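The next block holds one structure in the form of structure tokens; read it before the comments.
Note that the structure is a prediction, hence the values are computed from the model and not measured.
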Amino acid sequence: MEKKLRQLIKEAMLLKKETGNVNRYQTFKNILEKAQKEAKDKRLDSVSDELIVLAAKREIKQLEDALQYFGADDKRKDDTLECINYAKELLPTMVTAEQIIEFLTANNADKNMGACMKMLKAEFKDALDGKVASTTVKEYIK
């Protein structure tokens, strides 16, 4: 994935030169830097797919937090939304609420929040959105 991300950054740099669009380049560059920092902090030899996905999620969270400070007609809001979409390109296809319910039902999961979340994290790993999972598990438990 790191090689794929580096290739995307190179392509975004070329696009930046041709069109002046900085958003895609800057978004991918930020994600790679976050993933490299995390690898360095954990004393890993290379950046794994898992670290890139984690960095992309963090970048999305940071950008979403920034959205609250922009007015409706602020150009920075549009740029931020564009950057969020670029970051989402690196995420795996997320599991839907229906798939979560299906999995819990098929495995006769206990009606316990902690046990359900543990099962889901083990099964779906990076493809699990914590917020969606939490909401869905609460519905399942009722």
Side-chain angles (χ1 to χ4, degrees), residues 1-105 107 109-142:
M1 180 83 140
E2 182 181 8
K3 289 179 182 177
K4 178 183 175 190
L5 182 57
R6 287 184 188 279
Q7 183 60 36
L8 287 171
I9 291 171
K10 286 179 185 177
E11 290 170 8
M13 282 176 68
L14 292 173
L15 190 63
K16 175 184 158 188
K17 286 180 183 178
E18 293 171 10
T19 65
N21 183 343
V22 179
N23 294 336
R24 184 180 179 93
Y25 166 72
Q26 194 60 50
T27 302
F28 291 154
K29 185 174 176 252
N30 290 346
I31 291 169
L32 183 59
E33 287 172 356
K34 284 178 178 159
Q36 288 172 332
K37 183 183 182 313
E38 187 73 23
K40 183 179 177 184
D41 290 348
K42 291 183 177 184
R43 296 190 170 126
L44 300 173
D45 294 333
S46 64
V47 177
S48 65
D49 291 355
E50 188 177 297
L51 290 179
I52 290 174
V53 169
L54 181 65
K57 287 180 179 179
R58 286 183 179 156
E59 182 73 7
I60 290 167
K61 173 85 170 95
Q62 185 177 5
L63 291 167
E64 286 174 342
D65 289 347
L67 281 175
Q68 67 184 335
Y69 299 106
F70 305 133
D73 57 345
D74 194 336
K75 183 192 178 327
R76 294 178 299 174
K77 182 176 183 177
D78 293 337
D79 289 343
T80 303
L81 289 170
E82 185 179 346
C83 291
I84 289 170
N85 288 331
Y86 293 140
K88 285 182 178 180
E89 289 178 18
L90 300 175
L91 297 179
T93 304
M94 300 309 253
V95 177
T96 64
E98 293 79 25
Q99 290 171 312
I100 291 171
I101 291 290
E102 234 176 71
F103 175 78
L104 293 173
T105 305
N107 289 292
D110 290 341
K111 303 258 180 179
N112 174 303
M113 184 74 166
C116 289
M117 291 300 287
K118 187 175 180 178
M119 283 178 68
L120 292 171
K121 286 179 183 178
E123 177 69 18
F124 298 112
K125 298 175 180 71
D126 289 334
L128 184 69
D129 181 333
K131 192 180 281 187
V132 172
S134 175
T135 305
T136 307
V137 169
K138 286 176 186 172
E139 287 296 317
Y140 173 76
I141 291 173
K142 285 184 182 179

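Scanning both residues, Ile101 and Tyr140, for their nearest heavy atoms gives CD1-CB, 3.8 Å. Summarising the geometry of Ala55 relative to Lys34, their closest heavy-atom pair is CB-CB, 3.7 Å, with the distance given to 0.1 Å. Across all their heavy atoms, Ser134 and Met113 have their closest contact at OG-CE, 3.4 Å. Closest of all the heavy-atom pairs between Asp110 and Cys116 is O-SG, 3.0 Å. For the pair Asn23 and Glu82, the tightest heavy-atom approach, listed with the atom from each and the gap, is ND2-OE1, 3.1 Å. Among all heavy-atom pairs drawn from Ala35 and Leu51, the shortest one is CB-O, 3.9 Å.
Residues that satisfy the side-chain hydrogen bond (donor to acceptor under 3.5 Å, both in side chains) test with Asp65, not counting sequence neighbours, are Lys61. Residues satisfying the side-chain hydrogen bond (donor to acceptor under 3.5 Å, both in side chains) test with Lys118, not counting sequence neighbours, are none. Residues meeting the side-chain hydrogen bond (donor to acceptor under 3.5 Å, both in side chains) test with Glu50, sequence neighbours left out: none.
For residues 20-33, the pairs satisfying salt bridge (Lys or Arg N to Asp or Glu O under 4.0 Å) are Arg24-Glu89, Lys29-Glu33, with sequence neighbours left out. The salt bridge (Lys or Arg N to Asp or Glu O under 4.0 Å) pairs that include a residue from residues 131-142 are Glu139-Lys142, where partners are two or more places apart or lie in different chains.
To the nearest 0.5 Å, atom CD of residue Glu59 and atom CD1 of residue Ile84 are 9.0 Å apart. Going from atom CD of Gln99 over to atom CG of Leu128 covers 10.5 Å, rounded to the nearest 0.5 Å. Between the CG atom in Leu81 and the CZ atom in Phe70 there is a gap of 9.5 Å [rounded to 0.5 Å]. Rounding to the nearest 0.5 Å places CZ of Phe28 at 12.0 Å from CD of Gln26.
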Listed pairs under 3.5 Å, donor-acceptor, residues 37-44 side chains, sequence neighbours left out:
residue: Lys37; atom: NZ; partner: Asp41; partner atom: OD2; Å: 2.9
residue: Glu38; atom: OE1; partner: Arg58; partner atom: NH1; Å: 3.1

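Between Val53 and the options Leu90, Ile31, Leu91, a side-chain contact (heavy atoms from CB on, under 4.5 Å) holds for only Leu91.
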Steps toward side-chain contact (heavy atoms from CB on, under 4.5 Å) verdict (Leu67, Leu63): CA-CA 6 Å; Leu67 281 175; Leu63 291 167; over 6 Å; no
Met94 and Val132: CA distance, side-chain angles, deciding distance, side-chain contact (heavy atoms from CB on, under 4.5 Å) verdict: CA-CA 10 Å; Met94 300 309 253; Val132 172; over 6 Å; no
Derivation of the side-chain contact (heavy atoms from CB on, under 4.5 Å) call for Asn85 and Thr27: CA-CA 10 Å; Asn85 288 331; Thr27 302; over 6 Å; no
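In terms of modelled atom types and a separation under 3.5 Å, the side chain of Asn112 and the main chain of Gly114 share a donor-acceptor contact.
Contact annotation: the side chain of Val95 never approaches that of Leu120 to less than 4.5 Å [non-hydrogen atoms, C-beta and beyond].
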